[in-house]
Amino acid sequence: RAKRQGCGGYAIFDEPMHQQALQQLQIETDLRHALERGELCVYFQPIVALDHQGVQGFEALVRWQHPTLGLLSPAVFIPLAEDTGLILEMDFWVLETACKQLQAWQAAFPLGQPLTMNVNLSGRQFTRPDLLDRVDQVLQNTGIPGSCVKLEITETVLIENPQGVAVLLSELQERNIQVCLDDFGTGYSSLSYLNRFPVNQLKIDRSFVALLDTHSRESWEGQTRPSEQTEIVRAIANLAANLGLQVVAEGVENQEQLQYLQSIHCDSAQGYYFAPPLDSDGATEWLQQFLQQSG
Ligand code: C2E
Ligand code: MG
Ligand code: MG
Ligand code: MG
């Protein structure tokens, strides 16, 4: 965006803004080729069941190894991918890559309860008529049963096209594919909305989890009162229990947060406390060690 200066009507960029605009443009151009050039990769963050501290599965999180800018966070390029429509191919590529990885892990680490994989889907996917066909195709190609896949969508998706989404969610349920509402609590869906949709899980946003320990309580003085944050988390967990939904917490970074989440019977959690998102090798190593330790 340009700044007007004086009466000459010239549009003048200030330097950092100009740089930023250029970089944005470069990223957008490069993104078109990232997939075909094999620059995208998937990281995996473990999700741990809190009752017995067993590993449940992983969340797949996309990364972009940019040739000159280094490893880019999805926060940088997902919005661009959404604007340009590239998100569709990207999300299916992530789904397929994650399911292949899951297949390898299930074979290498056979557990009583097979490992699961959470995959994020952009809201844009839900307007797409061939979503189910594409999902079926991936499951067929990889041999992963629907019951091992959890698709994460945000609350806002429910609001934008409630009828269409309800039908689609039912179709996913028929395939035993679970649906998880990501970043729960940050959207603006009314809670009464929830039981109208066949969803299985609520994932408490990490902004709420971040305020569950005394350390951050101190730094939040003057802003939203921490006791309220704690109550929000408790309320979400109660709501989930009343609706028969699983509740997951994201962004768990310390033992204090973990203990609180356990005290309110949160089902599972992920966060740096257990492990950050790891590349395929890193996640395999983590899994090996975790399973060894837990006997
Ligand atoms: P999300 O789905 O809510 O993923 C959780 C984010 O929290 C991840 O950021 C993860 O790295 C970060 N995180 C995990 N544990 C902790 C923790 O203990 N502390 C803190 N501070 N952060 C933690 P990431 O990987 O940068 O992803 C950002 C967002 O990008 C994701 O949020 C998701 O909405 C989106 N995204 C990622 N991969 C995909 C994808 O394949 N498709 C789509 N459509 N969106 C994706
Ligand atoms: Mg997610
Ligand atoms: Mg999330
Ligand atoms: Mg989030």
Side-chain angles (χ1 to χ4, degrees), residues 31 34-35 39-48 56-65 70-101 116-128 131 134-135 138 149-157 178-187 199-213 215-216 233 236 246-258 261 266 268-279 282-283 286:
L31 190 57
L35 198 57
E39 292 168 1
L40 295 182
C41 58
V42 181
Y43 274 44
F44 302 94
Q45 185 174 39
I47 301 175
V48 173
Q56 228 171 40
F58 292 85
E59 177 175 6
L61 295 157
V62 69
R63 299 286 182 267
W64 179 10
Q65 188 64 60
L71 195 65
L72 295 184
S73 139
V76 174
F77 61 89
I78 292 280
L80 279 175
E82 285 181 333
D83 289 345
T84 55
L86 291 165
I87 192 71
L88 303 170
E89 289 316 311
M90 196 180 285
D91 279 353
F92 280 115
W93 179 81
V94 172
L95 179 64
E96 179 148 44
T97 306
C99 284
K100 282 180 189 161
Q101 179 65 74
T116 56
M117 186 65 75
N118 283 42
V119 177
N120 295 281
L121 281 193
S122 158
R124 301 273 168 121
Q125 298 287 6
F126 276 75
T127 59
R128 190 177 162 131
L131 172 92
R134 300 282 305 260
V135 169
V138 171
V149 175
K150 300 180 187 181
L151 297 179
E152 299 192 2
I153 57 173
T154 53
E155 287 162 87
T156 41
V157 174
Q178 297 209 8
V179 175
C180 171
L181 287 186
D182 202 358
D183 303 335
F184 192 78
T186 61
V199 299
N200 310 89
Q201 270 190 0
L202 305 183
K203 191 182 274 192
I204 302 173
D205 189 68
R206 72 164 187 260
S207 60
F208 301 117
V209 174
L211 296 164
L212 292 178
D213 58 287
H215 174 70
S216 55
V233 172
I236 294 174
Q246 296 266 313
V247 61
V248 190
E250 67 177 15
V252 176
E253 294 185 356
N254 59 51
Q255 183 123 38
E256 216 176 339
Q257 294 164 342
L258 180 65
L261 291 164
C266 183
S268 49
Q270 66 191 98
Y272 299 161
Y273 179 75
F274 299 107
L278 300 161
D279 66 14
W286 182 91

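FYI, side chains are in, hydrogens and waters are out, and symmetry mates aren't considered; it's all heavy atoms of this structure. The first residue of the sequence shown is numbered 1, and numbering continues consecutively from there. Order of listing sets the numbers, starting from 1, for every ligand and every atom in it.
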Does any non-hydrogen side-chain atom of Leu212 lie less than 4.5 Å from one of Val233? yes
When you compare the side chain of Phe184 with that of Val248, does any pair of heavy atoms fall below 4.5 Å?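 Val248 does not reach Phe184 side chain to side chain.
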Roughly, to 10 degrees, what angle do Asp182 atom OD1 and Asp183 atom OD1 form around the Mg ion (ligand 3)?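 The two atoms subtend 90° at the Mg ion (ligand 3).
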Mode of [X] contact toward ligand 1 - side chain, backbone, both, neither (heavy atoms, under 4.0 Å):
| X | result |
| --- | --- |
| Asp183 | side chain |
| Met90 | neither |
| Asp91 | side chain |
| Lys203 | neither |
| Arg63 | side chain |
| Val94 | side chain |
| Val42 | neither |

side-chain hydrogen bond (donor to acceptor under 3.5 Å, both in side chains) with Asn118: of Gln45, Glu152, Gln56, Gln178, only one passes, and it is Glu152
Report yes if some N/O of Gln270 lies less than 3.5 Å from some N/O of ligand 1; otherwise report no. no
Looking only at distance, does Val62 have an N or O less than 3.5 Å from an N or O of ligand 1?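 In this structure, Val62 places an N or O atom under 3.5 Å from an N or O of ligand 1.
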If the Mg ion (ligand 2) is the vertex, what is the angle to OE2 of Glu59 and OD1 of Asn120, rounded to 10 degrees?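 Rounded to 10°, it measures 90°.
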Gap separating the [atom1] atom of [X] from the [atom2] atom of [Y], nearest 0.5 angstrom:
| X | Y | atom1 | atom2 | result |
| --- | --- | --- | --- | --- |
| Leu31 | Trp64 | CG | CH2 | 4.5 Å |
| Phe58 | Trp286 | CZ | CH2 | 5.5 Å |
| Ile87 | Trp93 | CD1 | CH2 | 12.5 Å |
| Asp205 | Thr186 | CG | OG1 | 5.0 Å |
| Ser268 | Glu250 | OG | CD | 11.5 Å |

Heavy atom to [atom], shortest distance: which of [options] holds it?
| atom | options | result |
| --- | --- | --- |
| atom 46 (C) of ligand 1 | Ile78, Ile153, Thr97 | Ile78 |
| atom 29 (C) of ligand 1 | Cys180, Gly123, Ala275, Pro74 | Pro74 |
| atom 17 (C) of ligand 1 | Phe77, Tyr272, Phe274 | Tyr272 |

For the Mg ion (ligand 3), does an N/O/S atom of Asp205 lie at less than 2.8 Å? no
Any donor-acceptor N/O pair, Gln101 side chain to Thr97 backbone, under 3.5 Å: no
Less than 4.0 angstrom from a charged side-chain N to a carboxylate O is my criterion; do Lys203 and Glu59 meet it? yes
Please name the atom of Glu152, limited to N, O or S, that comes nearest to the Mg ion (ligand 2).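 Going through the N, O and S atoms of Glu152 one by one, OE1 ends up nearest to the Mg ion (ligand 2).
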How is the N/O/S atom of Glu250 that comes nearest to the Mg ion (ligand 3) named? OE1
contact_flag Glu82 ligand 1 heavy-atom lt 4.0 Å: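 It does not, in that no heavy atom of Glu82 comes within the 4.0 Å cut-off of ligand 1.
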Any atoms of ligand 1 less than 4.0 Å from a non-hydrogen atom of Asp182? List them with their elements. 1 (P), 2 (O), 3 (O)
Report, in ascending order of atom number, the atoms of ligand 1 lying under 4.0 Å from any heavy atom of Ser122. 44 (N)
